[in-house]
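One structure is given below, encoded as structure tokens.
Source: prediction; values computed, not measured. Heavy-atom basis, side chains included; hydrogens, waters and symmetry copies ignored.
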Amino acid sequence: MNVQFDTGSSSLWVHSNLCDSPACPKNRTRYYDHNSSETYQKYEKENESSTLWYGPGPGSVNGFWSRDTISINGYKVNNQRFLQPTNMSEQIANRAYDGIMGLNYKPESDSINIMLKYCEERGMRDKRFRFYLTKNESDENGGELWLCGSDKFDNMYQYQGKMKYVQEVESSTGLSWTIRVEKVSITSGYDDKRSTEIIATNNTALVATGSSFIHGPEEQVNAIKRSIQSILSTIPDLRANLHKLPNITFTMGGEDYVLTGQDYITEYDNVTIGLAKTNTPSSSEWVLGAVFLRKYYTEFDMYGHRIGFAEI
């Protein structure tokens with residue numbers, strides 16, 4: 001089954017043959033059938049149901065908890081709790097993946113994070129995982145997920161000594177993998193005619209592998225987009241003039257992480273800017289998704305409670 005690895009959520013769910021709502025896919029070829037599993041167990045609190053919500057859109061899945069053996073890359077995690085959906089929103093049902101594996105390590109009270117169990121059950125001391133996302137859309141290999149010391153050919157070797165770390169902070173959403181953003185700024189112009197505008201200070205950001213765009217407070221996102229669009233309107237050939245677009249800079253842990261037009265323009269024909277407003281309760285929280293992660297190789301350290309970045 002092909003699942004999305006999501007640092008913005010903590011639970012695992014996979015498509016089930018018991019999903020019977022109108023939105024549930026009827027022609028799906030990969031799904032879980034617990035009657036075919038010799039290791040399936042009912043959840044201790046039988047018939048307990050739950051709803052998992054996914055933002056920034058209104059996507060959700062509803063179902064009942066189960067336990068079974070989960071195999072990742074040939075290694076097993078025993079007695080793992082996961083959700084079998086019986087109902088889901090169309091926004092989730094229409095996605096190409098077969099489920100979502102949450103990698104946030106502050107899960108429900110009786111469900112330890114699956115990645116932590118994966119490392120511990122293999123006897124691995126290294127309680128980290130890393131994401132490398134390719135910038136090349138035509139690359140059949142979309143990237144790499146490095147699990148607790150599992151691959152000696154990890155891309156990290158070429159980034160040794162370049163990784164900069166930012167410590168986690170408390171989040172208004174209660175999620176881990178949230179860090180302090182000291183400053184968000186935008187720099188326009190080039191050569192000796194550059195000017196920098198500070199858009200926000202003292203914010204937080206959730207680093208979310210399950211999000212495609214960068215999401216932020218509406219007022220701040222609009223301010224950045226206005227600056228970009230004012231220059232876009234003067235550029236006849238966008239692909240040849242990406243260097244003229246403003247740079248967006250996130251200052252975190254005292255380091256500047258810069259995104260150029262080449263990083264945040266995700267569609268050239270319809271000119272899509274990879275920024276959107278967030279629906280989080282906090283008015284100062286950002287979500288750094290794939291637009292950011294394609295620029296920076298990212299390490300999630302579960303024991304050090306920190307996130308590391310190295311420019312790709």
Side-chain angles (χ1 to χ4, degrees), residues 1-122 129 131 140-145 147 150 175 208-212 289-290:
M1 303 186 81
N2 298 323
V3 300
Q4 182 183 74
F5 294 91
D6 180 21
T7 56
S9 62
S10 60
S11 298
L12 168 66
W13 69 267
V14 292
H15 279 288
S16 168
N17 66 327
L18 299 178
C19 192
D20 58 3
S21 72
C24 292
K26 300 300 186 291
N27 58 349
R28 180 168 291 278
T29 58
R30 294 187 297 267
Y31 57 85
Y32 176 76
D33 178 2
H34 71 239
N35 290 321
S36 299
S37 173
E38 295 180 354
T39 49
Y40 164 73
Q41 300 176 49
K42 290 183 178 180
Y43 183 57
E44 292 84 345
K45 301 175 182 178
E46 190 173 353
N47 298 324
E48 179 174 319
S49 64
S50 184
T51 299
L52 304 176
W53 295 91
Y54 296 91
S60 65
V61 295
N62 175 267
F64 62 95
W65 295 106
S66 302
R67 291 189 185 274
D68 209 331
T69 299
I70 309 296
S71 178
I72 308 171
N73 198 33
Y75 294 94
K76 295 179 179 179
V77 177
N78 297 306
N79 199 32
Q80 174 64 36
R81 192 180 84 146
F82 66 101
L83 192 78
Q84 287 197 62
T86 55
N87 190 5
M88 62 179 61
S89 62
E90 291 185 3
Q91 294 90 334
I92 294 289
N94 293 333
R95 300 296 175 92
Y97 47 70
D98 302 316
I100 294 178
M101 182 174 290
L103 301 180
N104 206 276
Y105 69 104
K106 291 183 179 177
E108 294 82 3
S109 58
D110 65 342
S111 177
I112 190 170
N113 172 266
I114 188 170
M115 194 55 61
L116 194 58
K117 287 180 67 176
Y118 177 85
C119 297
E120 289 178 344
E121 292 196 12
R122 293 184 57 207
F129 56 92
F131 278 85
E140 292 184 0
N141 177 17
E144 171 184 276
L145 170 58
L147 306 175
S150 62
L175 293 171
T209 58
S211 177
S212 298

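- At least one side-chain heavy atom of Arg81 sits less than 4.5 Å from a side-chain heavy atom of Tyr43.
- Residues meeting the side chain to side chain contact (heavy atoms under 4.5 Å, CB included) test with Asn62, sequence neighbours left out: Thr51, Thr86, Asn87.
- Within the 4.5 Å cutoff, the side chain of Cys24 has heavy atoms near those of the Met88 side chain.
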*Between Phe5 and Phe131, does a side chain to side chain contact (heavy atoms under 4.5 Å, CB included) hold up when you go through it step by step?*
CA-CA 10 Å; Phe5 294 91; Phe131 278 85; 3.8 Å; yes

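- Rounding to the nearest 0.5 Å gives a distance of 8.5 Å between CG of Leu18 and OG of Ser66.
- Panel note: side chain Thr209, backbone Thr7; a donor-acceptor pair is recorded below 3.5 Å.
- Side-chain N or O atoms of Ser11 include none that pairs as donor or acceptor with a backbone N or O of Gly102 at under 3.5 Å.
- Between Lys117 atom NZ and Gln80 atom CD the span is 4.5 Å, to the nearest 0.5 Å.
- Applying the side chain to side chain contact (heavy atoms under 4.5 Å, CB included) test to Ser9 and every residue at least two apart in sequence or in another chain returns Asp6, Tyr54, Ile100.
- Taking each heavy atom of Ser16 and Pro85 in turn, the nearest pair found is CB-O, 3.9 Å.
- No more than 12 heavy atoms of other residues, nucleotides or ligands lie within 6.0 Å of OH in Tyr31, so this atom counts as exposed by the packing criterion.
- To the nearest 0.5 Å, atoms OG1 (Thr29) and CE (Met1) are separated by 9.0 Å.
- Expressed to the nearest 0.5 Å, how far NE2 of His34 lies from CG of Asp68 amounts to 10.0 Å.
- Within a 6.0 Å radius of CD in Glu90, no more than 12 heavy atoms belonging to other residues, nucleotides or ligands are found.
- Phe64 has its side chain out of reach of Leu83: every pair of non-hydrogen atoms, C-beta onward, lies at least 4.5 Å apart.
- Between Trp13 and Ile92 the shortest side-chain heavy-atom distance falls below 4.5 Å.
- A distance of 5.5 Å separates CG of Leu145 from CE of Met115, quoted to the nearest 0.5 Å.
- Contact of the Tyr118 side chain with the Ile70 side chain is not registered, since no non-hydrogen atoms from C-beta on lie closer than 4.5 Å.
- Contact record, Ala23 with Ser89: CB-C, 4.1 Å, taken as the closest heavy-atom pair.
- Ring-centre distance between Tyr32 and Phe82: below the 6.0 Å cut-off.
- Distance CD/Gln4 to CG/Leu103: 10.0 Å, rounded to 0.5 Å.
- Residue pairs meeting the salt bridge (charged side-chain N to carboxylate O under 4.0 Å, His left out) criterion with at least one member in residues 29-41, sequence neighbours excluded, are Arg30-Asp98.
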